[in-house]
Trainee: 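Following this message is one structure expressed as structure tokens.
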Protein chains: 2
Amino acid sequence: MAVDKKAHIMNHAIALFADRGFEGTSIRDLAHEAGVNVAMVNYYFGSKEKLVEAILDEKASYMKDRIEELESNASLSELDKIDALIEDYVNRILSGASFHKFLYKEMMDTKRDVIHSFLNKSIARNTRNFAAIIQRGIDKKMFKEVDPILTVTSIIGSISQVVVSKSMCNLLLSQPEANEPYTDEKFKQRLVTHIKSMIHAHLLVESSNHK
Amino acid sequence: MAVDKKAHIMNHAIALFADRGFEGTSIRDLAHEAGVNVAMVNYYFGSKEKLVEAILDEKASYMKDRIEELESNASLSELDKIDALIEDYVNRILSGASFHKFLYKEMMDTKRDVIHSFLNKSIARNTRNFAAIIQRGIDKKMFKEVDPILTVTSIIGSISQVVVSKSMCNLLLSQPEANEPYTDEKFKQRLVTHIKSMIHAHLLVESSNHK
DNA sequence: AAATATTAAACAAACGTTTGAATAAATCAA
DNA sequence: TTGATTTATTCAAACGTTTGTTTAATATTT
């Protein structure tokens, strides 16, 4: 029972932190939104800051990328791996849009130093691992001599840019302000298709195109 | 004299808001950092929130894109315009990295509603105008039939992703934590080159390549 | 001498957190 | 199962700080 309530508070916290920021969300706001007493946050988590750490712990698997698991599959080409990672990133970021916004804010924020540097090292490692796959494709003469790290930056940046602003997203899709574009499966597919085709054109030498 | 002092406070405010957020920065922090009395912020700006509005007013030209000015130049091809916009975005975002981080945070933040929707409408309009240029290139059969809006999203997302995290950036460049990558002209050029080549490969039909 | 700028001190409100009593749940001897 | 006892949860109220802001006196310019 206690686990459910902790998870309940954490979910509301993620949504509020994503929309109003950490300092912008008071414990009273959070308690009211989650329908619990103000004292419960400190009872369950110890402090407001430890609540953030609990959220990060709980979502640790979310942040770990699938690269190790992909590397063990020897039958996949570099391009297959990249395609799989693009799908994986889009799926995870769009379905956890609030959490991603929260992560982004904490990444930009130097106030909680331990979390700040942890997140930055985390995304730097993921980017490096991803870039290594591209580098291998270049070494095998399958890819053009692109900038591997900035190529990964463009992939992640493309997805993040969409998540940053729900309102902008809806404006672009001519949807009403209240629409939830991230859970829309068609939108997800549109984003995957765009990124894949852009990255393919960027990476593949012309002769690889079957045209 | 008053203008100088106002600008002085605003510059420190941008840096602090970018690193610690709006609610994460107290007026006492800001006053101390800027070397002025706590009362001066309210004396010059009226309130903490009006300080944000003053910053946005002052930097309004920063946010207006060069599209109108480019459109008046009939001798430029669609690709020329896109190249010019990429250079313009990289230059402006990298040289005003703190301000861009601050904008990004406000864009994600629903707390100051007027500012939130203003910024989202602003970037949506810029994205739409930019996408219209791509659409014209498609209509002229110069570009492939890409997704214009998501293509612009990728361009802006690529630049923003770099600015989001100085520490990550330095990690990727194997630079020390204290390094300032955004003001590095070589880094700026590397980013422009990457985005241009990626977007060219994405947009141009194969026959256009002089190879 | 009038207007502007600067200051330390004080203001009420909101903040994260703690308390101690009240309630609910779980544990266990009979 | 029962009733007793311990443990875990919930709550309203209060704690000391910090918050944005104002005040009223002083200094500086015009």
Side-chain angles (χ1 to χ4, degrees), chain A residues 1-58 102 105-106 108-116, chain B residues 1-58 102 105-106 108-116:
Chain A
M1 188 69 82
V3 177
D4 295 340
K5 197 150 199 175
K6 280 183 87 164
H8 178 76
I9 294 173
M10 281 161 72
N11 287 335
H12 282 277
I14 290 168
L16 287 174
F17 289 164
D19 280 349
R20 312 183 193 174
F22 178 78
E23 281 88 6
T25 305
S26 75
I27 292 198
R28 284 170 180 83
D29 286 343
L30 170 56
H32 181 261
E33 202 79 11
V36 300
N37 189 272
V38 269
M40 300 316 287
V41 174
N42 284 273
Y43 176 74
Y44 278 117
F45 299 97
S47 73
K48 195 185 177 187
E49 205 147 335
K50 280 182 188 162
L51 167 58
V52 174
E53 292 165 26
I55 290 172
L56 291 181
D57 280 351
E58 220 260 335
F102 161 67
K105 283 188 177 177
E106 286 300 313
M108 291 195 251
D109 211 304
T110 58
K111 204 133 204 238
R112 286 158 293 289
D113 210 73
V114 184
I115 292 165
H116 172 76
Chain B
M1 186 69 82
V3 179
D4 295 340
K5 195 150 200 174
K6 280 183 86 162
H8 177 76
I9 293 173
M10 281 160 72
N11 287 334
H12 281 278
I14 290 169
L16 287 175
F17 289 164
D19 279 349
R20 312 183 194 175
F22 178 77
E23 281 88 6
T25 305
S26 75
I27 293 198
R28 283 168 181 84
D29 285 344
L30 170 56
H32 181 260
E33 201 79 11
V36 300
N37 189 274
V38 269
M40 300 315 288
V41 174
N42 284 275
Y43 178 74
Y44 279 118
F45 299 97
S47 73
K48 194 186 176 187
E49 204 146 334
K50 281 182 188 162
L51 166 59
V52 174
E53 292 165 25
I55 290 172
L56 291 181
D57 281 351
E58 220 260 335
F102 162 67
K105 284 189 176 177
E106 286 299 313
M108 290 194 251
D109 211 304
T110 59
K111 205 135 202 235
R112 284 159 293 290
D113 209 73
V114 184
I115 292 164
H116 172 77

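Chain A is the first sequence line, chain B the second, and so forth, proteins listed ahead of strands; every chain is numbered from 1. Just so you know, these numbers come straight off a predicted model, no measurement behind them.
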Trainee: Mind calculating the distance between CE (M40(A)) and P (dT9(D)) to the nearest angstrom?
Mentor: 8 Å
Trainee: Apply salt bridge (charged side-chain N to carboxylate O under 4.0 Å, His left out) to R112(B) and E106(B), showing your working.
Mentor: CA-CA 8 Å; R112(B) 284 159 293 290; E106(B) 286 299 313; 3.0 Å; yes
Trainee: For nucleotides 13-20 of chain D, tabulate all protein N/O to nucleotide N/O atom pairs closer than 3.5 Å, reporting atom names and distance.
Mentor:
| unit_1 | atom_1 | unit_2 | atom_2 | d |
| --- | --- | --- | --- | --- |
| dG20(D) | OP1 | T25(B) | O | 3.4 |
| dG20(D) | OP1 | K48(B) | NZ | 2.7 |
| dG20(D) | OP2 | I27(B) | N | 2.9 |
| dG20(D) | N7 | R28(B) | NH1 | 2.9 |
| dG20(D) | O6 | R28(B) | NH2 | 2.9 |

Trainee: Could you tell me, to 10°, how much the axis swings from one end of the helix from dA1(C)-dT30(D) to dA30(C)-dT1(D) to the other, five pairs per end?
Mentor: 20°
Trainee: Check whether NZ of the Lys or CZ of the Arg K48(A) lies under 6.0 Å from the centre of the six-membered ring of F22(A) and within 45 degrees of that ring's axis.
Mentor: yes
Trainee: How long is the gap from CD1 on I55(A) to NZ on K50(A), to the nearest 0.5 Å?
Mentor: 15.0 Å
Trainee: Roughly, in whole Å, what's the span from CD1 in I9(A) to C1' in dT10(D)?
Mentor: 11 Å
Trainee: Check whether any side-chain N or O of Y44(A) sits under 4.0 Å from OP1 or OP2 of dT10(D), and answer yes or no.
Mentor: yes
Trainee: Quickly work out the K5(B) NZ to dT4(C) P distance and round it to whole Å.
Mentor: 16 Å
Trainee: Would you give the length of the straight line joining atom CG of D109(A) to atom NE2 of H116(A), rounded to the nearest 0.5 angstrom?
Mentor: 8.5 Å
Trainee: Can any side-chain N or O of H8(B) pair as donor or acceptor with the backbone N or O of A34(B) at less than 3.5 Å?
Mentor: yes
Trainee: Please give, in whole Å, the distance from dA8(D) C1' to K6(A) NZ?
Mentor: 14 Å
Trainee: Whole-Å distance between dC11(D) P and Y43(A) OH?
Mentor: 12 Å
Trainee: For residues M40(A) and F45(A), determine if any side-chain heavy atom of one lies less than 4.5 Å from a side-chain heavy atom of the other.
Mentor: no
Trainee: Can you tell me how far NE2 of H32(A) sits from OG of S26(A), rounded to the nearest 0.5 angstrom?
Mentor: 10.5 Å
Trainee: If I take atom CD from residue E49(B) and atom CD1 from residue I115(B), how far apart are they, to the nearest 0.5 angstrom?
Mentor: 6.0 Å
